[in-house]
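Letters A, B, ... mirror the listed sequences (proteins, then strands); counts begin at 1.
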Amino acid sequence: MSSTASPLVEASDLVKHFPLRGSGRLSVRSVDGVTLAIGRAEVLGLVGESGCGKSTLARLLINQIRPDRGEVIMDGRDLLAMRPGDLRRFRRTVQLIFQNPEAALDPRMRLIDSLMAPLAAHHAGTRDECLEMIHAMLGEVGIDPGIVQRYPGQCSGGQLQRIVIARALLLRPKFVVCDEPTSSLDASIRAQILNLLNDLRRRFDLSLLMISHDLRALRHICDRVAVMYLGRIVEMAPVEQIFQAPRHPYTRALNAASLLDEIGLDAASHLVQGEPPSPVHPPPGCHFHPRCPLADETCRQHVPALERIAEHHEVSCHHWRRTNP
Amino acid sequence: MLAWRANLPAGAMERFLLKRAIVLVVTLTLVSFLAFLVPWLGDADPARAIIRSRVADLALDSAAVEALRIRLGLDQPLLHQFFAWLGRVFQGDLGLSFTSRLPVADQILRAIGVSATLALSALFLALAIALPVGTLAAVHQGRRFDGIVTFIAQGFVSIPEYWLAPVLVLLFAVELGWLPSAGWSGFETLILPAAVLCLRPLAYFSQVMRASMIDVLHANYILAARSRGLGLAGALVRHGLRNGIQPVLTVFALWLAGLLGGSVVVEVIFAIPGMGRLIYSAVINNDMPMLQGSIICIVGLAIIINTAADVLYGVLNPTVTVSGDAR
Amino acid sequence: MTTLDEAPCLKVENLDISIGDAIAVARGINLEVRRGETVALVGESGSGKTVTALSLIDLLPPPLRVTRGTITICGETITEATPDALNHVRGNRVGMVFQQPSSMLDPSCRVGRQVGEALQLHKGASRGEAFERAVELLREVGIPEAPRRARSFAHQLSGGMAQRVMIAAALSSDPDLLIADEPTTALDVTVQAQILGLLERERRQRTLSILLITHDLSIVSAMADRVVVMYAGGIVEEGPVETIMRAPQHPYTKALIDCSLMREAGSGDLESIPGTIPPPNRSIPGCRFHPRCPHALARRTGSVCASSEPEATRTAEGHLVHCWAVEP
Amino acid sequence: MTMAARSVRWVMRQHWTFIAGLFSGTVVVLLLVAAPVISLHDPIAQDLSMRLQGPGGDHWLGNDQLGRDLWARLLYGGRFSVVVAALTLFLSVTIGTLIGAWCGRIGGAVDEFVMRVVDVLISFPEIIVALFLIAIIGPGFGTLVLALTLVGWTPFARLARGIALDISSRDYIAAAEVLGCTRTFILLRHVIPNALRPISAMTFLRFGHKLITVGALSYLGLGVQPPDSDWGAMLADARQFAVRQPLLVFAPGIAIMVTALSVTLMGQGLEIDADRSRRLRTGQS
């Protein structure tokens, strides 16, 4: 963890609501006031269930979509105030790795052309220089250069994810967002990709935002983990803290659900009730209260603030003192 | 993108219909304006045209033209004339036909009835054949039956009705004498025109039905229904048809709107007093009020049919929240 | 689970499944599920586990088909049954729960009707009776406001709700065997535990047999009595869950457990299996796992592994391993 | 590989219906283009002594009611309809695709408005539009092209909008944007190659319809004007002589059908192929 220098990415009070088509004034409250910082060469995990807004948050951080409110400071510069020309240059420093590598590559383009595109877009050099850079990068991600003449349909998911990673790293970014990079892969391939990412981030000195719905996948690679529920961050702490001393009831439930074999079905299924509500009609007060075993009147009425309960450990729960680890 | 949908607030249907009603009024006003301009767009000025249409060969008497111009208010400013005309249109007064001297609205109303009868007969005939054939082709996807059906459908699309109609008349009316060759006097006169008219929609319906049933056959809910013990036919009847027929409905509405005025050739060949023939003779006779009235009616009907189809679609398919987005 | 005196609820012998005639996607599958027992069929994608599940109720999508072997469910031989007999087995003796619950429900048919459908088909219930019973079943699987929910449509349900509905539909005519194909993969993790808990409760109440198909080993150790591990179309190891999870014998099972992220790893790299899963159209002589197997790569068994397929070796009661490196 | 060799390889990979349609379509086009070379007679030269003669001699298909050579009239008669149909299609595709793709990209109120217009126009019979225009500006080549294009662009706009929406929601477009690729690059390398096949399939599939509509107007006497003629006008002329010389009715009808069917088959082949590659890509069986 690096609290030494100023953080690489700082987001404050980000809000993004998507209006719902054909239903008047309703909107999906995808990200609802998120403040976070990612240090240089730090790996932050972002965990949450589907629809909690984690992918939206990621796209806000890399300026792929613009927030309704809030600001993003990257490397000391205000992203939202950038002019289009600067923005294109800025694109080099921020990259995205997708959940489904097959969808992230045009099925009608050879892999080599997909790899070449970003280099050409940024005028990185002559064709031969680019080819050399690509071959070097393929070595880094452990891909046989022979397969780049193929089309995406002719490769396995693991190979394609390596290609996508190589393509992202070719531009030497400082910050890479990985949106569930392993959830479409099999267990044996998942471990390979996680090892690769861990390895590459050390070698390239990368800051990573690792998004996942599965806490287990984050354990081996993250320095810190932020837990998101319905557009808000409910807990943020160093990774071992999240696993060993989670304070938010939702984090505890996630934890239990991913450790089914140790905790047992009965215990795991009682830690949380019901299902995530729709972000179109989030519950008042603490968003988690309808499913929370600790909820009381306070939770139904007041939104809990993100409270610093220890160094590097923040929780947004009225009753965190009652959730003894 | 979103896995859930907001529950629609009460009154969504009313709001939708209101929105469509506004679209209808606005479009009709615009179309009326265009229709109003029709006589001005041509090279002759309306008064001359009117006189010429009545007294075909006589030399134009400029005094008479001027008198008519004043009588019809043609000397007023254009916009003034338009609003006066629009007011009459919204009261259902489309003026008098140049040729028959009868109210245009009455003639159109009668013709629409005839065309609707013809179009609906043809389309339901097409539907009755296309639904089972399309379903069977989907079930036999990629096999010989499917190939033959597709080829025949392409053949049907390629047959011009102005060729088929005379041939059928020659065969069934002239040679065999089973059916009347033309006219509009009951069921017998309906058979040949409906048969000619149904071929192309038949081809389209069966292809749409086939494509949609192929999707249905691969749908997970059919697999789930079969895992509950339904046979393939049972699963298709109980869970397939209702989902598979929805795209056909959209195409059906398009064809219905299209045939209400578009069956010109068939109506002319079989001497059927429908919209198509009405418009055709209006064109031949330069009957401006009739043309104006028909444009307005056809556009209005197209919008109404579209809206009805959207509503029906929403009834059949509960995942659509009547806004027409799902198409 | 040791009710050995009864005939097994499901018995599969020497099953081969191919695409057309050429490409084998599953070979030599032997499977047995006894009454009241949960058997987990584990494997990564492409291992043939879903195909095997569909073949059990004879619903393989063409051109996939069973080319050899017999399947017996509750005394009925599926591989020789008439279409009517098959329809009688499906839904009546065997219930199915699938991976994508929302798309498994007919979007334009009320949920209650689909739940009651098997009752109408197999128990001669009228439409009204079936619907009433469906409401009861929905209540039983933990759906709040069951009467209202029974009248709703699939798109109005969340994924977890839809899966509860599918479970209610599968259990409606009180089957003996439930085949659950990745029942929680498409669901959120906090909902997953609830759905698995529901399955476990129903199993106990109804003495149901469950064939659970999954790729997630933590689910396996929480739910199953016995485990069958598949790799690239063949079974590599099977045995009681404790034995397999504590002391796996086959190198693939070992590696799978190591890289399943269940264990707390040290600071170093995660364990991983080199290479990729072969697609079914690539034929690999010998043991299908040998190109990725540390034993075959490192040791003298290499030549055997590459040339002939290993037979099942019994290492303990009920524990079979298909590997040349394992001694009986 | 040379361009020609590549084209041949591409054609050979297509579905058999495409190849069949391509073959017969090419034959038709060659016949129409080479009409002056192939036909021995002038299509408008009358010879009343040869009225309604059957096939024979150097009049391969016989003569019509005015003693004109049927074969020559068939060859020349196709030119007008085919050119009008092809030209309107070209204009419709261009206009429709541009409008549709533009609406799909920008969305919002403009998109909503244009799509409402499309909704109304799409069910509007082309023949009626043509009739109205003829009433206003009189019959002729330009009127026909204008009329058929006025409505003809709508299905292409709808299709192109759908494709644009579909493609811009793909991850690989998002990836290209994040990687800093320019809009032009995305358009040229991602959007157009993926849109080409469905749009060309629809173009071929609409051809028959256009051809028949042009013929219909000629049949009604409002399309091609004498002394020129086309298959529709020939059918109209031949009507009262159908019993005495059936070939006069059959020949133009079959000419229309063969031409329409050839192009339709090509479209069908392309569509099957587009469908197949879509299913392959999305992993459906």
Side-chain angles (χ1 to χ4, degrees), chain A residues 47-52 142 155-159 182 184-196 198-199 212-221 229 240 243-244 250 253-278 291, chain C residues 42-47 142 144 157-161 164 184 186-201 215-223 231 241 245 252 255-279 292:
Chain A
V47 71
E49 293 172 286
S50 62
C52 75
C155 298
S156 71
Q159 288 170 324
T182 57
S184 69
L185 303 174
D186 278 311
S188 63
I189 312 296
R190 177 176 61 190
Q192 293 172 10
I193 297 290
L194 285 176
N195 286 338
L196 175 70
N198 213 356
D199 186 41
S212 179
H213 63 271
D214 184 1
L215 262 179
R216 287 176 299 175
L218 296 178
R219 190 167 196 175
H220 301 273
I221 185 166
Y229 188 77
E240 281 314 309
F243 275 90
Q244 269 145 29
Y250 179 62
L254 274 187
N255 219 336
S258 60
L259 298 169
L260 274 185
D261 48 315
E262 288 168 25
I263 292 181
L265 267 183
D266 286 341
S269 55
H270 286 116
L271 273 171
V272 57
Q273 306 140 10
E275 298 187 37
S278 141
R291 307 176 67 194
Chain C
V42 185
E44 298 176 277
S45 64
S47 61
L157 304 177
S158 65
M161 283 295 167
R164 286 176 195 267
T184 59
L187 305 178
D188 281 322
V189 274
T190 54
V191 181
Q192 164 171 307
Q194 299 169 16
I195 296 293
L196 293 176
L198 169 67
L199 284 177
E200 181 63 17
R201 206 181 70 216
H215 65 276
D216 187 339
L217 286 171
S218 67
I219 294 178
V220 172
S221 43
M223 289 274 295
Y231 179 77
V241 68
M245 297 307 284
Y252 175 68
L256 202 58
I257 294 173
D258 282 340
C259 64
S260 70
L261 307 172
M262 282 162 49
R263 303 283 147 81
E264 193 181 327
S267 53
D269 273 0
L270 293 164
E271 295 287 336
S272 70
I273 311 173
T276 54
I277 303 157
R292 302 176 74 190

_Quick check on A:Phe243 against chain C: is it the side chain, the backbone, both or neither that has a heavy atom closer than 4.5 Å?_
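Nothing of A:Phe243, per the 4.5 Å heavy-atom cut-off to chain C.
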*When A:Gln273, A:Gln192, A:Arg291, A:His213 are compared by non-hydrogen pairs under 4.5 Å with chain C, the top option*: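 Most pairs with chain C among the choices: A:Gln192.
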*asked:* Could you work out, with side chain to side chain donor-acceptor pair (under 3.5 Å) as the rule, every residue matching A:Ser184, not counting sequence neighbours?
replied: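 With sequence neighbours excluded, A:Ser184 shows a side chain to side chain donor-acceptor pair (under 3.5 Å) to no residue whatsoever.
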_Please classify the contact between C:Gln192 and chain A as side chain, backbone, both or neither, with a heavy-atom cut-off of under 4.5 Å._
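The answer is the side chain of C:Gln192.
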*Would a distance-only check, ignoring hydrogens and angles, find a side-chain to backbone donor-acceptor pair under 3.5 Å from C:Asp188 to C:Thr190?*
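Not at all, since once roles are kept as given, no pair shorter than 3.5 Å links the two residues.
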*Test item: A:Glu275 side-chain N/O and C:Val191 main-chain N/O as donor-acceptor pair under 3.5 Å*: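 Not at all, since once roles are kept as given, no pair shorter than 3.5 Å links the two residues.
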_Any heavy-atom pair between the side chains of C:Leu256 and C:Glu44 that's under 4.5 Å?_
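Contact flag for C:Glu44/C:Leu256 side chains = yes.
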*asked:* I need the residue from C:Ser158, C:Pro144, C:Gly142 with the largest number of non-hydrogen atom pairs under 4.5 Å to chain A.
replied: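 Highest number of pairs under 4.5 Å: C:Ser158.
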